[in-house]
Protein chains: 2
Amino acid sequence: METKHSASMEDYLESIIMLREGNEAVRVSQMSKALGVKMPSVTSALRKLSQQGLVEHKRYGRVQLTPDGEKIAEDVFHRHEALRRFLAEILNVDPEIAAVDACKMEHSVSPVTEEKLAKFIEFVLSRPKVQPEWLKLFDRYVNYGEIPQECMTRCLREE
Amino acid sequence: METKHSASMEDYLESIIMLREGNEAVRVSQMSKALGVKMPSVTSALRKLSQQGLVEHKRYGRVQLTPDGEKIAEDVFHRHEALRRFLAEILNVDPEIAAVDACKMEHSVSPVTEEKLAKFIEFVLSRPKVQPEWLKLFDRYVNYGEIPQECMTRCLREE
DNA sequence: GATAAATGTTAGACGCTTCAAACAAATCAA
DNA sequence: TTGATTTGTTTGAAGCGTCTAACATTTATC
């Protein structure tokens, strides 16, 4: 049922989720700024999305997601967040770059991959006490090439 | 100097690296099949890449990368491989899907991110004895939700 | 309320990537 | 070597997403 949507249509949908505060519907100008495109591009995207029943939008009015649109937008947003967190919190990539990269990558991730990525993040970060140490080890490796052979090995062997 | 190239131009360049065996130059038909596009698309891409000095190609002849083209193609290939390995070997995503996802994601990864990703893979997989255990723990978490709190915590605390 | 400013739309164009159809060259096979 | 097959190119058209310029509507201001 869910036909595949283009990267740019996904971006338009996602931006609606990201821009609305509370229940306030979103303006074309906001989307235009957020996505770095001119307003006519937004208008024409909205016409298309409206025809597909993914957004609610009448001339000169505000924009809202339909339930179908909401589903897709949330999906994209989840992919985005999974990637962004992985890059920023695990790889320790600069937050700005992480956000930008995530925004482009989010359109290429299959459902299976997204699910595993989310679990991986959870796995690595879910243990508040372990997390900082674990990442510190990785960080040290990035900066000095130190591989903490002994400790990890010893530990995991016991298991 | 290196102007940004479109995802599709990057794909054409990368395919040349992936298709050539030894020093054998590559045929248009091979690229066509590998990329899932018709031959006229390849021809027209090659005209453009040739004008930019990235490939060597004369009418009805084989295709070769110039040194400049080689550099870009290798770059794309590295991003591809980093992503593919992460997905396949760490997240344990099905190899087919990993390859497909990597192929689409490869165009969105910034240099910094790629570098950190590569280091991360190295970090996780570089210790032959640890690696299987570590991933086994993650795999168990994916399948049963078990978080190996104690072991990792204990170990990393000692450090 | 009238008018200025901000916001949004329409129309038409362009670049990019792809394709099918028709044609051209190269290669194979007899 | 000549005809058939494979391979590659040209041409022209299409879809998509974007833009600018001109126009329309809404909103804010006096």
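The figures here come from the full heavy-atom set of this structure, side chains too, leaving out hydrogens, waters and symmetry mates. Bear in mind the structure is a predicted one, so any value in this text is a computation, not a measurement. Protein chains get the first letters and strands the later ones, always in sequence-line order, with residue 1 at the start of each.
The distance between atom NE2 of B/His5 and atom P of C/dC16, rounded to the nearest whole Å, is 12 Å. Taking atom CG of residue A/Asp11 and atom C1' of nucleotide D/dC16, one finds them 14 Å apart after rounding to whole Å. A straight line from NE2 of A/His57 to C1' of C/dG8 spans 8 Å, rounded to a whole angstrom. Going from atom CG of B/Leu19 over to atom C1' of D/dT7 covers 16 Å, rounded to whole Å.
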Please output the side-chain donor-acceptor pairs of residues 74-86 of chain A that fall under 3.5 Å, not counting sequence neighbours, one pair per line with the distance.
| unit_1 | atom_1 | unit_2 | atom_2 | d |
| --- | --- | --- | --- | --- |
| A/Asp75 | OD2 | A/Arg79 | NH1 | 2.9 |
| A/His78 | ND1 | A/Glu74 | O | 3.4 |
| A/Arg79 | NE | A/Glu106 | O | 2.8 |
| A/Arg79 | NH2 | A/Glu10 | OE1 | 2.7 |
| A/Arg79 | NH2 | A/Glu10 | OE2 | 3.1 |
| A/Arg79 | NH2 | A/Glu106 | O | 3.2 |
| A/His80 | ND1 | A/Glu14 | OE2 | 3.4 |
| A/His80 | ND1 | A/Glu106 | OE1 | 2.6 |
| A/Glu81 | OE1 | A/Arg84 | NH2 | 2.9 |
| A/Glu81 | OE2 | A/Arg84 | NE | 3.0 |
| A/Arg85 | NE | A/Glu89 | OE1 | 3.4 |
| A/Arg85 | NE | A/Glu89 | OE2 | 3.2 |
| A/Arg85 | NH2 | A/Glu89 | OE1 | 3.2 |

Short N/O separations, protein against nucleotides 3-6 of chain D, under 3.5 angstrom:
none

Name the pairs: protein N/O against N/O of nucleotides 23-26 of chain D, kept only if under 3.5 Å.
| unit_1 | atom_1 | unit_2 | atom_2 | d |
| --- | --- | --- | --- | --- |
| D/dA24 | N3 | A/Tyr60 | OH | 3.4 |
| D/dT25 | O4' | A/Tyr60 | OH | 3.4 |

At a cut-off of 3.5 Å, list every protein nitrogen or oxygen paired with a nitrogen or oxygen from nucleotides 1-3 of chain C, distance to 0.1 Å.
none

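Between the CD atom of A/Glu114 and the NZ atom of A/Lys119 there is a distance of 11.0 Å, given to the nearest 0.5 Å. Note that CG of A/Asp68 and CG of A/Leu49 are 12.0 Å apart. Values are rounded to the nearest 0.5 Å. Interatomic distance, A/Leu19 CG to A/Ile16 CD1, rounded to the nearest 0.5 Å: 8.5 Å.
Residues that satisfy the side chain to side chain donor-acceptor pair (under 3.5 Å) test with A/Thr113, not counting sequence neighbours, are A/Ser110, B/Asp101. The side-chain contact (heavy atoms from CB on, under 4.5 Å) search around A/Ala25 returns A/Arg62, A/Gln64, not counting sequence neighbours. Applying the side chain to side chain donor-acceptor pair (under 3.5 Å) rule to A/Arg47 yields no partners; only residues at least two apart in sequence or on another chain are considered. For the side-chain contact (heavy atoms from CB on, under 4.5 Å) test, residues two or more places apart in sequence or in another chain that qualify with B/Ser50 are B/Val55. Not counting sequence neighbours, the partners of A/Arg20 by the side chain to side chain donor-acceptor pair (under 3.5 Å) test are A/Glu70.
DNA chain C is contacted by A/Ser29, A/Met39, A/Pro40 of residues 29-42 of chain A, taking any non-hydrogen atom closer than 4.0 Å. Residues of residues 43-51 of chain A having a heavy atom closer than 4.0 Å to DNA chain D, listed by number: A/Ser44, A/Lys48.
Taking 4.0 angstrom as the limit, B/Tyr12 places a side-chain polar atom (N or O) nearer than this to OP1 or OP2 of C/dT18. A close approach under 4.0 Å does not occur between any side-chain nitrogen or oxygen of B/Ser6 and OP1 or OP2 of C/dC16.
Within the 4.5 Å cutoff, the side chain of A/Met31 has heavy atoms near those of the A/Leu46 side chain. Contact annotation: the side chain of A/Val112 never approaches that of B/Asp94 to less than 4.5 Å [non-hydrogen atoms, C-beta and beyond].
Residue pairs meeting the side chain to side chain donor-acceptor pair (under 3.5 Å) criterion with at least one member in residues 28-45 of chain A, sequence neighbours excluded, do not occur.
A chain of hydrophobic side-chain contacts below 4.5 Å, direct or via other Ile, Leu, Val, Met, Phe, Trp or Tyr residues, connects B/Met9 to B/Val37.
Scanning all heavy atoms of the two residues, the minimum distance from A/Leu65 to A/Ala73 falls at CD1-CB, 3.9 Å. Of all the heavy atoms in B/Ser108 and B/Lys104, the pair that sits closest is OG-O, 4.2 Å. Scanning all heavy atoms of the two residues, the minimum distance from B/Ile90 to B/Ile121 falls at CD1-CA, 4.0 Å.
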